[in-house]
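Whatever order the structure lists ligands and atoms in, that order sets their numbers, starting from 1.
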Amino acid sequence: MVEDGGRVDMEWCIAQPKIELHAHLNGSIRDSTLLELAKDSREKGALAFSDVEHVIKKCTRSVMECFKLFDVIRTITTDHAALSRITKEVIEDFAADNVVYLELRTTPKKNEQIGMTKCSYMEAVLDGMRAIETVEVSFLPSCGSKEKLEQFPNTNVAINGEKRRKLYVRLLLSIDRCESAASAMETVQLAYKMRHLGVVGVDLSGNPLVGEWLTFLPALKWAKEYGLAITLHCGEVYNPNEIKAMLEFCPQRVGHACWFEQEDWTKLKSLNIPVEVCLSSNVQTCRVSSIRDHHFDYLYRNNLPLVLCTDDSGVFSTNLSREYYLAASTFGLNKAQMFELSRNAIKHVFADESVKILLNSIFDSAQRELAIAVGSGNS
Ligand code: IMP
Ligand code: ZN
């Protein structure tokens with residue numbers, strides 16, 4: 001047992017199992033893949049590389065520059081083969097970072113020129129998941145319930161004599177704030193149709209300076225009525241009325257919460273809604289002035305439910321271990337507290353109870369292996 005809870009270093013953050021609940025597929029693209037696809041697009045005449053090179057290569061971006069980069073990414077990734085490749089690589093990268101459960105979100109898009117529909121977009125994402133060989137990916141809802149607990153807590157499973165990491169993946173379909181009400185409805189209905197393929201919920205994201213909450217309310221209400229879980233990007237920019245309306249809607253989780261006022265925190269607490277906290281993303285886009293000033297501190301000290309997440313690991317050059325390390329080193333949390341923070345995320349996953357049981361067993365085993373005394377952190 002580690003008596004003082006143990007000092008956290010980066011190596012330890014990598015070693016502990018982690019749960020990622022807020023990751024945008026195309027925002028998690030590898031730099032090398034982004035540059036390669038951008039060059040391909042230039043060769044096909046779809047993109048003037050010199051116009052976008054500086055946006056791609058920049059390390060720190062304002063909110064507007066981020067969305068400029070997302071526009072570039074959208075231009076170069078919206079074909080089926082690129083999507084499958086990105087999905088495969090992103091999942092491999094999360095597995096390599098010892099993420100044991102990943103909720104990956106993406107905005108289904110249409111591209112008539114290449115015959116892409118929202119449905120075929122999602123098919124390409126699924127193809128990417130099926131193409132993964134180096135990791136055992138469980139993404140079908142039945143996977144959790146059929147698996148026997150005895151197989152766990154080992155997250156490295158032996159297949160054909162080789163040890164592979166195991167990762168549970170569930171999907172969220174995002175509505176982009178620049179979409180119409182009809183397009184948003186199409187997305188949530190697609191999410192509902194894909195429940196048997198690992199889709200567990202819906203997200204509202206996109207440029208927070210664009211679009212009106214009321215446009216998306218009918219689609220989100222429909223999703224709620226049909227049993228899909230909902231997470232909303234909420235309070236990314238100063239918009240008190242929207243924050244209040246979103247909390248009134250009572251989503252299962254919210255992302256960011258950078259511009260909450262005291263009454264919003266009170267409401268959030270009364271509804272017990274967890275916040276998906278994205279430290280690097282919030283600081284790099286200047287929504288929060290520094291990590292030290294981040295509302296993580298307020299949430300953690302007040303025992304409000306929170307989950308550390310990456311948002312866009314490619315765009316913000318991070319990974320989940322790094323986000324844990326940033327939190328531990330900035331706010332002075334020890335190993336026991338970080339481990340408990342990570343384990344607490346299980347309560348907030350959108351997958352069903354059988355997956356939560358399996359995840360708990362993975363954490364039990366990791367706790368023994370890492371020899372951590374827990375019980376002193378946020379719950
Ligand atoms: P995709 O949905 O897989 O294409 O992932 C990229 C998209 O996620 C972007 O084009 C945005 O619509 C959305 N997104 C990524 N990061 C953020 C964020 O910080 N705030 C709001 N939307 C975001
Ligand atoms: Zn996000």
ring-ring contact (aromatic ring centres under 6.0 Å, His included) involving F350 - partner list, sequence neighbours excluded: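 Partners of F350 under the ring-ring contact (aromatic ring centres under 6.0 Å, His included) test: none.
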Does this structure show an ion pair linking [X] with [Y], if we count only N-O contacts that are shorter than 4.0 Å?
X: R165; Y: D97; value: no
X: K244; Y: E248; value: no
X: K267; Y: D264; value: no
X: K356; Y: E353; value: yes
X: E92; Y: R30; value: yes
X: E133; Y: R164; value: no

R195 to Y192, cation-pi by 6.0 Å centre distance and 45° axis angle: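 Ring-cation test returns yes.
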Tally of protein N, O or S atoms, where distance to the Zn ion (ligand 2) is under 2.8 Å: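 Protein heteroatoms (N, O, S) closer than 2.8 Å to the Zn ion (ligand 2) number 4.
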Inter- and intrachain pairs under side chain to side chain donor-acceptor pair (under 3.5 Å), touching residues 222-240, at least two apart: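 Residue pairs passing side chain to side chain donor-acceptor pair (under 3.5 Å), neighbours aside: H22-H233, H24-H233, D203-H233, T231-E276, E236-R287.
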Could you list each nitrogen or oxygen of ligand 1 that sits under 3.5 Å from a protein nitrogen or oxygen, with the atom names and the distance?
| residue | atom | partner | partner atom | Å |
| --- | --- | --- | --- | --- |
| ligand 1 | 2 (O) | T107 | N | 2.8 |
| ligand 1 | 2 (O) | T107 | OG1 | 2.5 |
| ligand 1 | 3 (O) | N26 | N | 3.0 |
| ligand 1 | 3 (O) | N26 | ND2 | 3.1 |
| ligand 1 | 3 (O) | T106 | OG1 | 2.7 |
| ligand 1 | 4 (O) | N26 | ND2 | 2.9 |
| ligand 1 | 4 (O) | K109 | NZ | 2.6 |
| ligand 1 | 8 (O) | H24 | ND1 | 3.0 |
| ligand 1 | 10 (O) | R74 | NH2 | 3.0 |
| ligand 1 | 16 (N) | D312 | OD1 | 3.4 |
| ligand 1 | 16 (N) | D312 | OD2 | 2.7 |
| ligand 1 | 19 (O) | E236 | OE2 | 3.4 |
| ligand 1 | 19 (O) | D311 | OD2 | 3.0 |
| ligand 1 | 20 (N) | E236 | OE1 | 3.4 |
| ligand 1 | 20 (N) | E236 | OE2 | 2.7 |
| ligand 1 | 22 (N) | G206 | N | 2.9 |

